[in-house]
Colleague: 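Would you mind keeping the following structure in view while I ask a few things?
So that the names make sense, note that chain A is the first sequence line, chain B the second, and so on, each numbered from 1. Predicted, not measured: the structure shown is a model, and the values here were computed from it.
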Amino acid sequence: MKLSCIIVDDEPTSRLFLHKFCERAGSYEIAGQFDNAQDAIAYLQNNQADVLFLDVEMPGINGFEMLEKIERSPQVIMITSKTDYAFTAFEYNVTDFLKKPVDYTRFTKTTELLLKAKAQKSTTTNISNDFFIKTDGDLVRLKSDDVLYIEGMGDYVKYVTPEKKYIALSTLKSVEEKINDSIFLKVHRSYIVNTQKIKSFADNQISINNIFIPVSKAHKATLLQQLSR
Amino acid sequence: MSNFTIDNFELNSQLDKNYLESLYGNDLSCIIEVFESYLVHTKSEFEKAENDFINKQLKELRLTLHKMKPTFSFVGLPVVTSKTQEVIELCDTVSDFSEVEPQCIILLAEIKKSFSLIEAETTRLKNHLQ
């Protein structure tokens, strides 16, 4: 099993150094290298990667600002020479934090973490087809089959079923990380849909239960791929 | 065998052999690649650092040094990385350029010296692998 990865660092020798580590580890396929966050963001809008090796201090958009802007985040390994950033890095749910210059033994431990996480993701069914949400102080069990779509509203998400709407304190990003991705698909910055409930797709809109949900340009290709299966 | 040997190649004693070995194992061709990158990119940043120093631009100099800092370790000079960090921390605490000037002069001289060292070592490595 190989991990596809991209490297984002404005310093060329640092990128080369990490590239060499990835080659030496033998567990990576380097899908791209970028000297700025903007190009990396554009790449991730149209491509997937298992791992993002990300520097923090870069001109223009820094590493943390980049994480705010990407919609579907791969596993993130933050690499920087400033340990001050470690706390902030974990607030962004990064998988690991490596201090420059990276030590190879430490890098192998990170690789093991990443491989384990990928193996777990491919063997589990993501909490079966049911999941729990906390709404109005109660823990409610929802069946994936009942959920038509999920809408992100800042610090809240709305789960829409044919009978009811549930509001939970969460972000769409964290829902996306836990949800069964064989059933649910993100089609817009603010919407994840149950693909089994899609009635039609036209004019960049999905129809589910007579509700129209927009599909963004960035997600259209993936949606079409899913629908053609 | 000498303490400065990697894969039968005797490294210059000014480089941290154990550190290089921990980074690259016995892969001398990898070391060459990284050294060559250093000679291109870090040298280019160094020219910028010199300009920042001449123009007494404290903030810009600090940023340039920060960017260069890890690359010294990549080529077996972790001591230079530490010294660069010290100067960066000093830049963060002072408001007047004159307060960092002496330390900057020493650091920039040391960095400049590293280029001829790494250049010579790269040539020797390439000859060794032929």
Colleague: If I take atom NZ from residue A/K20 and atom CD1 from residue B/I31, how far apart are they, to the nearest 0.5 angstrom?
Modeller: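 Rounded to the nearest 0.5 Å, the NZ-CD1 separation comes to 11.5 Å.
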Colleague: For atom CZ of A/R189, is the number of surrounding heavy atoms from other residues, nucleotides or ligands below 6.0 Å larger than 12?
Modeller: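 Counting other residues, nucleotides and ligands, CZ of A/R189 stays at 12 neighbours or fewer.
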Colleague: How far does CG of A/L18 sit from CZ of B/F74, to the nearest 0.5 angstrom?
Modeller: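 Result: 8.5 Å between the selected atoms.
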Colleague: What pair of heavy atoms forms the shortest contact from B/S22 to A/Y104, and how long is it?
Modeller: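 That closest heavy-atom pairing would be O-CB, 3.5 Å.
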Colleague: Under 4.5 Å heavy-atom distance to chain A, tell me which part of B/E45 shows up: side chain, backbone, both or neither.
Modeller: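 Contact with chain A is absent: no heavy atom of B/E45 under 4.5 Å.
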Colleague: From B/K67 NZ over to A/D9 CG, what is the distance, rounded to the nearest 0.5 angstrom?
Modeller: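 Those atoms lie 8.5 Å apart.
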Colleague: Within a strict 4.5 Å, meaning less than it, do heavy atoms of the A/F17 and B/P70 side chains meet?
Modeller: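 No, side chains not in contact.
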Colleague: Write down the atom of B/L23, the atom of A/V102, and the distance for their closest heavy-atom approach.
Modeller: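 Of all heavy-atom pairs spanning B/L23 and A/V102, the closest is CD2-O, 3.4 Å.
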Colleague: What pair of heavy atoms forms the shortest contact from A/P12 to B/S37, and how long is it?
Modeller: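 Result for this residue pair: C-OG, 4.2 Å.
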Colleague: Return yes when atom CD of B/Q57 has more than 12 non-hydrogen atoms of other residues, nucleotides or ligands closer than 6.0 Å, and no otherwise.
Modeller: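 Buried by this count: over 12 neighbours within 6.0 Å.
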Colleague: Check whether A/D10 gets within reach of chain B through its side chain, its backbone, both or neither, counting any heavy atom under 4.5 Å.
Modeller: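 Both backbone and side chain.
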Colleague: Heavy-atom distances under 4.5 Å only: say whether B/F72 touches chain A with side chain, backbone, both or neither.
Modeller: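 Contact with chain A: none, neither part.
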Colleague: Side chain, backbone, both or neither: which part of A/F107 has an atom under 4.5 Å from a heavy atom of chain B?
Modeller: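 Contact with chain B is absent: no heavy atom of A/F107 under 4.5 Å.
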Colleague: Quick one: which of B/M68, B/E36, B/K69 has the most heavy-atom pairs under 4.5 Å with chain A, could you say?
Modeller: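 Ranked by contacts with chain A, first place is B/K69.
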Colleague: Which residue out of A/R24, A/K100, A/M58, A/E57 racks up the most heavy-atom pairs below 4.5 Å with chain B?
Modeller: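 That would be A/R24.
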Colleague: So how far is it from A/L16 CG to B/C30 SG, rounded to the nearest 0.5 Å?
Modeller: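 Here the interatomic distance stands at 7.0 Å.
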Colleague: Hey, could you give me the NE2/OG1 distance between B/H66 and A/T80, rounded to the nearest 0.5 Å?
Modeller: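 OG1 of A/T80 is found 5.0 Å from NE2 of B/H66.
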